Amino acid sequence: MATEIHVIVERLNDAPFNLKLTLASFDEKSPFELLEIVNLIMGTLSDAHRIDLRDETPERTINRMMDFLRQLNFKPATGADALQFQTALLQGDPRAIHPMLAWMLVRMPELKKRAYLARFLTPVEMPEHMFADEEVAELAGHLRELQEQFKAAHKAVEKAGSAIISPLEIKKAIVQMEEDREQLLAKIEALDNRLRSIDSFTDMLDAISTLRQEQDEGGRLVQRVAEQRAQLAHAAQSAKALQAAVRDANAQDLRGGGEALLRAIMGEVEAQRALFERELPANIDDARQRLAELEGALADGPVGEEALREARANLAGLQAKARQLELAQAAMGGDGGPGPGGASSADDGLAMFRQQAALISRKHEAVRMRLDASAAERDSLERELMAKMAALEEIAPQARSAALSTKNDDFKKYAANLRGKTAQYKKCKAALAELRAEYGLLHRTEQLLHVQARAVGAKLSAVESAHGIVGYTDVQAGLEKASEAKAAADESKGQTLEEIAVVVEEINAQIRAQKGKLAPQIKELRALRAQYQELEAEYIDKKSSYENTAVGLDAELSKLQEEVGAYEEDIAKEESRYHYLNSLSQILDVSASRARSEAAGSTRIGDAYAARMRAQEEQTKDLRAQQRLVKENHDRNAGQIHLYKDLHRLLKCKVDCQRRELEARDNHALLGAVSGANVFTMPDAANRYVDIDGVEHS
Amino acid sequence: MVSALKLRSKVVVLGDSGVGKSAVTQMFHSNGQKFPKNYLMTIGVDFCMKPVPVQVADESRATVELFVFDTAGQDLFAEMAPHYWEGSASLILVYDITRAESFHNLAEWLERISRVVPVESMVSGCVVANKADLRERAEISREAGEAFAQRYGFAFFEASALEHSGIDAPFAHVAAATHARYTDSLAKLTAAVS
C-alpha cells in the first residue's frame, strides 16, 4: 500500500503532471480531489476526458470512467466485482482509487496507445434486430473494413516511427561532430605550435607544400591516365565500328555496283574542273576590266551632267551593239554554228554583262541623285557663305586682320586640343570595349555558376531525402548561426562578469576601509550597549511598576466615577424629592394656616360651602317651580305657537299677493301708455285688496 | 462623565372654575390615560410632578422637572390660592372657548397672580384655549385668544383635554423656555466671571 502511494506521488510529480505533491498532501486529498486526479490522468490519456468534473453530474463521471477503464482493460483488485468498484469510485474510496492510479501511472505510454486505439477499434454495440436493416448491416460491414484498414495503417505508422531516426539523435550526432571538429582544430593548432618551434620550419613547410602539390599532380596524372585510357578504349571502339563499315563497303564493292558510281563521280569532277579552268578566269577578267573602267570613270571626279549624258550615249551605243551582236548570234545559231556548250557559255557571259549594266545604271542613278543633293547643298552653303561674308565685311573691316591672326592661333590650339581629346576618347573607348567583353564573360560565368549551384542544391536535397533527413543542411546552417550568436553572447557575458568582478572588488575594498573606520565606534557602541541594557532593565522595571500602579489607579478611578455617577443620580432624585416634598409642605402649610385662621374665627370653608349649598338649593327650588309652570302651560302654549305660526304664514301670503298685484298694475299702466289699449286691467281685484286691507286693519 | 442636566420649575395653572384646568393637568401627568369624566371640584390645590425632556442643539440631554400646581378656580378658594402661587416660575392660563366669561376673566387672574409674583419676572407663560373639540359652540375665536396672549408676551395654544390634543405643547413650551433661560443666565454668569 505504502509503496503504491510512493509510486503514485512520484509519477504525479513528474512530467506531464508536475503536481508538486508530498506524500502527506496526497494522503489528505478529499474524494472529489482524488476523482479530479483520476480525471486529469484520463485527460492526458485521451482528449475525450478533458472535462471539468464540476460541469457534469457525478453519475455521468463515474459511467464515463468505468467505460474508459473497461477500454483500458483494467481489472479491479481480486474479490471485488465491477459494481462494487463503481460504488467505491463514486464515493472516492482511496482503497479503490489508489491501486487504479498506480496501475494507470505505471503503464502510461502503453495505455495512451490503447486509449488511442480504443477510440477507433471499439466495436459498436448494437442490438441484433438492427442488423435486419440492410443499410445498418452495410454500415457495420463498412465500419469493420475501415477498422481493418486502420489497423494496417497504424502498424505501418508504428514501423515507420521506429525506423526514422529522430531529429534529436541527428542533433546529437551533429553536436558530436562539432565537438570532434573542435578537437581536431585544437590538435592542429597544437601541432602547428610545436612545429613552429623547429628552426627549419619554413623549409620543411615549403618541401611539404611542394610534396602536396606533387602528390596532387600525381593524382591528377593518374586521373588523366584513366581518362586517356577511356578515350583509347573509345577510339578502339570507333575504329572497330569503322572497320566494320569498311568491311561492309568492301562487301558492297564485291557486289559490283560501286564501279559505275565511281565513274559517274569522276565525270562530274572533270566537268567541274573544266568550268573552273576555262570559264571562271574569263569571267573574272571581264569583271576586273569593267571594275577598272568604272573606277576610271569615278576617278575623273564628280560626274557632271555632260559626263552623264556621254555615259548614257555610250550605254545606248553599247546596247545597240549588244542588240546587233544578239542578232548576229541568232543568225549564227540559225546557221548551226558552234556546239551547244559554247553557245551556252556565250549566252551566260551576255547575261552577266546585262546584269552588270543594270547594276551600273542603278549605281549611276544613285550617284546622280547624290550629286543633285550635293549640288543643292553646295548652293545653299555658298549662299550662306556669301551672306556671312557680307555680314563680316559690314561688321568689322578694320579688326579683320587682328581677328584673323588670333583666330588662327585659337584654331591651332583648338585643333591640338581636339587631337588630344580624340586620342583620349579612343583610349576610353578601347577600355570600355575591354570592360564590356569582361562583363560579358563574368556574366556568363555567373550564370554558369548559378546553374551549377542549383544543380548542387537539388542534388543535396535529393541526397537528404534519400537519407530521410530533409532540411539537414538548413538545420546545420541554423545551428552554426545559433552557435555563433551564442559565442557572441558568451563573450559579452564574460565581459559583463569581469566588470561585475571589478565592481565587487571595489565594493569589498570600500567595505574593508569602512570597517577599519568603524572599529573604534563599534567598541564604543558595545560599551554603550551594555549601558543601554542596564538602563533598559531599569526602565522596564520602573515601567512595570508604573503600569501596575496606573492600572490600580485606573480601576479605582473608574470605580469612583461610577460611584460619583450613582451619587449624582441619587442627588438628583433626592433633590426632586425634596422639591416635591417642599411643594407638598407648602400646600400643607397653606392648609394649616387656613385651618389656623379658621380656628381663630374667620369663616370656614365648610360653612361658606354650606351657605352656598343652601343658596343653590333655594335656587333649585325656584327653578323647579318655574319648571312645573312651564310643564303645565306647555300644551296650551304650544297650540298658541302653532296658531300664531299659521297666522304668520297667512299674512305673509297676503303680503306677497298684494305685492304682485301692485307690480301688475304698474306694468299695465306702462303697457297702456305704450299701446293705448287696456288689456289686463283687473279693477275687482284692486277693490278686493282694499277690502281685505280694510278688514285686516279693523 | 457628564450627567444629564436636570432643571426644575414651578408651574401654576390658572383659570375660571370648570374650564378644564384639572383635566389638562391630569392628562399631561398621565400621558392621556386619565381623563376625569365627571367634574370633581378641586379643593384648594392639586399637585403633580413630571420630568419633560428638552430638545437641545448639542448631544447632551436635558430634562426639566415641572412641579405643577393646579389651583382651584372656585372663588370659594380665592383666599387660599395666592399662597400656593408663591415662588412660581411659569404660568399657564386656561379658558373655555365655549364660555366667553372664562376668557374675559383671564385678565383678572393675571392681576391676581401679579400681586404675589410679578408677571414680568416669570420665566414664561402661555394661554391655553381648552375644549377645542367643541369648536362649533365657540364663543371666543382663536384670533382673540392669540391677540390676548401676544399682548402679555405669552404663547398661545389650542387644546382639547377630551381628545388629548395639544396638551403636551404648553408644558413642552414651558420646559423649553426654562432651559433657554438657564443656559442664558449660565452664559451671562460665565461671561461675568471671565
Side-chain angles (χ1 to χ4, degrees), chain A residues 550 553-620 623, chain B residues 1-13 17-18 22 25 29 39-53 60-90 113 116-117 175 178 182:
Chain A
L553 286 174
D554 272 348
E556 217 171 312
L557 182 69
S558 62
K559 214 158 96 188
L560 284 172
Q561 271 175 349
E562 247 171 68
E563 266 178 55
V564 166
Y567 285 139
E568 273 182 354
E569 216 157 296
D570 281 356
I571 287 165
K573 261 187 212 159
E574 292 302 327
E575 269 183 11
S576 287
R577 185 146 182 75
Y578 159 72
H579 283 285
Y580 186 74
L581 292 173
N582 198 25
S583 302
L584 283 181
S585 82
Q586 192 186 1
I587 291 164
L588 287 175
D589 275 349
V590 172
S591 301
S593 66
R594 174 75 204 160
R596 268 198 297 279
S597 70
E598 274 180 19
S602 71
T603 47
R604 285 162 56 196
I605 288 176
D607 292 348
Y609 192 64
R612 191 163 292 187
M613 283 285 273
R614 267 198 301 281
Q616 289 289 334
E617 267 165 20
E618 267 168 36
Q619 204 178 348
T620 309
L623 286 171
Chain B
M1 190 176 147
V2 183
S3 59
L5 181 64
K6 251 182 191 170
L7 302 174
R8 290 176 196 84
S9 182
K10 177 169 172 177
V11 183
V12 286
V13 183
S17 143
S22 295
T25 310
H29 183 230
Y39 175 71
L40 204 74
M41 188 186 70
T42 303
I43 300 169
V45 71
D46 265 353
F47 170 69
C48 69
M49 187 275 276
K50 189 181 178 185
V52 178
S60 63
R61 293 168 294 140
T63 44
V64 178
E65 282 180 348
L66 295 182
F67 293 82
V68 184
F69 282 70
D70 171 22
T71 50
Q74 293 272 359
D75 48 0
L76 198 64
F77 305 104
E79 198 187 332
M80 287 163 72
H83 295 291
Y84 298 124
W85 300 335
E86 278 169 11
S88 59
S90 296
I113 194 168
V116 182
V117 184
T178 305
Y182 167 77

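All of these numbers come straight from a predicted model, not from anything done at the bench.
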Whatever's closer than 4.5 Å to a heavy atom in chain A on B/Y84 counts as both

If you define the side chain from C-beta out and look only at heavy atoms, does anything of B/R8 sit under 4.5 Å from A/S576? yes

So, do B/E86 and A/Q586 sit near enough that their side-chain heavy atoms are less than 4.5 Å apart? yes

NE2-CZ distance between B/H83 and A/R594, expressed to the nearest 0.5 angstrom: 8.5 Å

Hey, could you give me the CE/OG distance between B/M80 and A/S591, rounded to the nearest 0.5 Å? 5.0 Å

Contacting region of A/E569 [heavy-atom separation from chain B under 4.5 Å]: neither

Just so I know, are the side chains of A/E568 and B/K6 near enough to count as touching, which here means a heavy-atom distance under 4.5 Å? no

Output, in order, the C-alpha distance, side-chain angles, deciding distance and verdict of side chain to side chain contact (heavy atoms under 4.5 Å, CB included) for A/R577 and B/M49. CA-CA 10 Å; A/R577 185 146 182 75; B/M49 187 275 276; over 6 Å; no

May I ask you to test the B/F67-A/N582 pair for a side-chain heavy-atom distance under 4.5 Å? no

